[in-house]
Amino acid sequence: MGAHPVRNLIDGARVDSATGRVRERRDPADTREVVSTFPESDAKDADAAVTAVAAGWRAWADTAPERRGRALERAADVLEAQREQLIEELVREEGKTRAEATIEVSRTPANLRFYAGEALRTAGRTLPTGDGSLVFTTREPVGVVAAITPWNFPLNIPSRKLGPALAAGNGVVFKPSDVTPLLGQRLADALLEGGVPAGALAVLHGGAEVSQALVADDRLGAITFTGSTAVGESIHRVVRASQRTQLEMGGKNPVVVLEDADLDRAAALIAKGAFGLSGQACTGTSRVIVHTDVHDALLERVAAKAAALRVGPGLAQGVDLGPQATAAQQQSVLGHVRRAIDDGARLVVGGPGDPADDAPELAHGHFVRPTVFADVDPASALATEEVFGPVLAFLRVASMDEALRVADATRFGLSAAIVTADVGRALRFAREVPAGLVKINQPTTGQAMNAPFGGLKDSSTQTSKEQAGAAMMAFYTVDKTVYLSA
Ligand SMILES: NC(=O)C1=CN([C@@H]2O[C@H](COP(=O)(O)OP(=O)(O)OC[C@H]3O[C@@H](n4cnc5c(N)ncnc54)[C@H](OP(=O)(O)O)[C@@H]3O)[C@@H](O)[C@H]2O)C=CC1
Ligand SMILES: CCCCCC(=O)O
């Protein structure tokens, strides 16, 4: 499979960056393979993209909602027709397994269809006046929206931003991660083929430089970002008070296991949440906070599952864990593992060793070993910092009160799970745990596409939740109140 040339998309034209610089994206499972090439864009490109969408969005906003919805529906049709191709490209560009890629490639068109319907449901309301005049509200598009997205769900996460933004009649400047430029182009191409006009959608490729320039543009009405807390906070410092921001950021998600838990069930959902997507999920499980009475029995079960996982290229049969998405992510994960050992955590499974030592065919990929630590200090880096890799920290507690305190001992509050047969304590957990997503006897990962998605604390801005249907549309529209006398 040759390298796909990806270019910026501005006013319908596929153009190189003003910098003239082109970068390569190589397969994270085998870096000898170039998957795509893409422009390294800068502020000039960002300015050109915003200028084009600022000029073009109004015509899209004036398009009948039914036609806007139909364009999203047809874009979903295009993506579904490309299913097998997208699955393979997603595995080769991002690194997830074929099974994980299949789920994402299926969810993406479903997101577009979900928001296609919202185009027709987003409306204002009339208010009684009693004096014969009319007072009503309208929902108008914000205008120009910047969507900046991460590499770990390069189709699904952008689709649940571009879908509602376009359904509401906004124009979008889309900046995919430089780790997954091809998938970003595939989504944009499907939207254009579906009928979104070139003036309503621009795509910029590149890294921090173009992204920083984009968010600093005063012509943006809204910025929707998903990525690390550090970058999200840097964006928040730049934008004007009047510009809407929706920031979905990092997590350090715990599973609390009480003494009455079904340990086989607990071990299965912990392994799924911790090692799925090679640990590269913001809602991924990174902490197990377990009652001391069942600690050793649970650790034994989870360690056995981790040790049995097969690491390898996502297109290979029977692989459970693909590579980390980049060399930088691989080195970051290994740095956390080495730091945990230095801090005195007990290594139970995995560790800093190179999986290629046991399997030479892995020598050209960014692979790491699924790793489990025990006796982790709740205040240590491993227990409080996001690793974003397949590394699990076991923390022992003696009560539910202590479990809640330990769960709260990080700056994050995205997803949290509890495993127990006690409904009363489960509901107390749901009330008291500082997390925007609470899972009872379920993994910390996995969401219903029609349920609000977002965290508390430094995991998310609290202005609006993603995926929340009508509530999502509120972020992408402005309210007006109109007073009318005949
Ligand atoms: N809460 C949620 O829903 C989710 C959160 N995440 C979080 O995202 C992180 C992993 O994704 P990752 O892509 O590495 O996150 P990053 O924060 O590194 O990047 C996110 C996006 O921002 C861009 N970017 C990078 N630096 C800057 C900057 N200084 N200013 C503006 N934009 C910038 C990136 O471009 P480029 O990649 O080209 O550098 C990318 O498009 C983890 O922390 C994870 O928890 C991931 C998925 C979901
Ligand atoms: C589209 C999937 C949302 C979940 C984001 C995560 O867990 O990284």
Side chain to side chain, [X] and [Y], heavy atoms closer than 4.5 Å:
| X | Y | answer |
| --- | --- | --- |
| Thr149 | Thr224 | no |
| Leu79 | Leu112 | yes |
| Leu191 | Leu162 | yes |
| Leu347 | Thr371 | yes |
| Arg287 | Thr410 | yes |

Any ion pair linking [Y] and [X] (charged N to carboxylate O, less than 4.0 Å)?
| X | Y | result |
| --- | --- | --- |
| Glu88 | Arg98 | no |
| Glu193 | Arg74 | no |
| Asp262 | Arg265 | no |
| Arg25 | Glu93 | no |
| Arg113 | Glu80 | yes |
| Asp342 | Arg338 | no |
| Asp296 | Arg396 | yes |
| Asp30 | Arg92 | no |
| Glu248 | Lys161 | no |

Q.
List the residues meeting side chain to side chain contact (heavy atoms under 4.5 Å, CB included) with Asp320, not counting sequence neighbours, and say none if there are none.
A. Leu309, Arg310

Q: List in chain and number order the residues that pass side chain to side chain contact (heavy atoms under 4.5 Å, CB included) with Ala356, two or more places apart in sequence or in another chain; answer none if no residue qualifies.
A: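 Side chain to side chain contact (heavy atoms under 4.5 Å, CB included) check on Ala356 returns Asp354, Leu362, Ala363.
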
Approximate separation, where rounding is to 0.5 Å, of [X] [atom1] and [Y] [atom2]:
| X | Y | atom1 | atom2 | result |
| --- | --- | --- | --- | --- |
| Phe453 | Leu414 | CZ | CG | 5.0 Å |
| Leu299 | Asp375 | CG | CG | 8.5 Å |
| Glu466 | Met472 | CD | CE | 5.5 Å |
| Met400 | Ile289 | CE | CD1 | 11.0 Å |
| Leu90 | Glu100 | CG | CD | 9.5 Å |
| Glu361 | Asp358 | CD | CG | 10.0 Å |

Q: Show the numbers, then the answer: is there a side chain to side chain contact (heavy atoms under 4.5 Å, CB included) between Ile148 and Ser211?
A: CA-CA 7 Å; Ile148 301 168; Ser211 208; 3.4 Å; yes

Q: Begin from the C-alpha positions of Thr229 and Ser459 and carry the test side chain to side chain contact (heavy atoms under 4.5 Å, CB included) through to its verdict.
A: CA-CA 7 Å; Thr229 293; Ser459 289; 5.7 Å; no

(Q) So if I apply the side chain to side chain donor-acceptor pair (under 3.5 Å) rule between Gln85 and each of Arg83, Gln82, Glu89, which one comes out positive? (A) Glu89

Q | Exceeds 12 heavy-atom contacts within 6.0 angstrom, atom CD of Glu300 | A | no

Q.
One pair to check against side chain to side chain contact (heavy atoms under 4.5 Å, CB included): Val239 and Ile223. What are the steps and the verdict?
A. CA-CA 9 Å; Val239 297; Ile223 295 162; 3.1 Å; yes

Q) Going through the distances and angles, do Asn152 and Glu94 end up as a side chain to side chain contact (heavy atoms under 4.5 Å, CB included)? A) CA-CA 7 Å; Asn152 68 332; Glu94 195 273 347; 4.1 Å; yes

(Q) Before you tell me yes or no, could you show the steps for Asp260 and Thr420 under side-chain hydrogen bond (donor to acceptor under 3.5 Å, both in side chains), namely the whole-Å CA-CA distance, both residues' side-chain angles and the distance that decides it to 0.1 Å? (A) CA-CA 6 Å; Asp260 69 338; Thr420 178; 2.9 Å; yes

**Q.** Closest non-hydrogen atom pair between His205 and Arg7, with its separation
**A.**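 Heavy atoms of His205 and Arg7 come nearest at CD2-O, 3.4 Å.
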
Q. Between Thr444 and Asn253, does any side-chain donor sit less than 3.5 Å from a side-chain acceptor?
A.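 Thr444 vs Asn253: no donor-acceptor pair found between side chains.
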
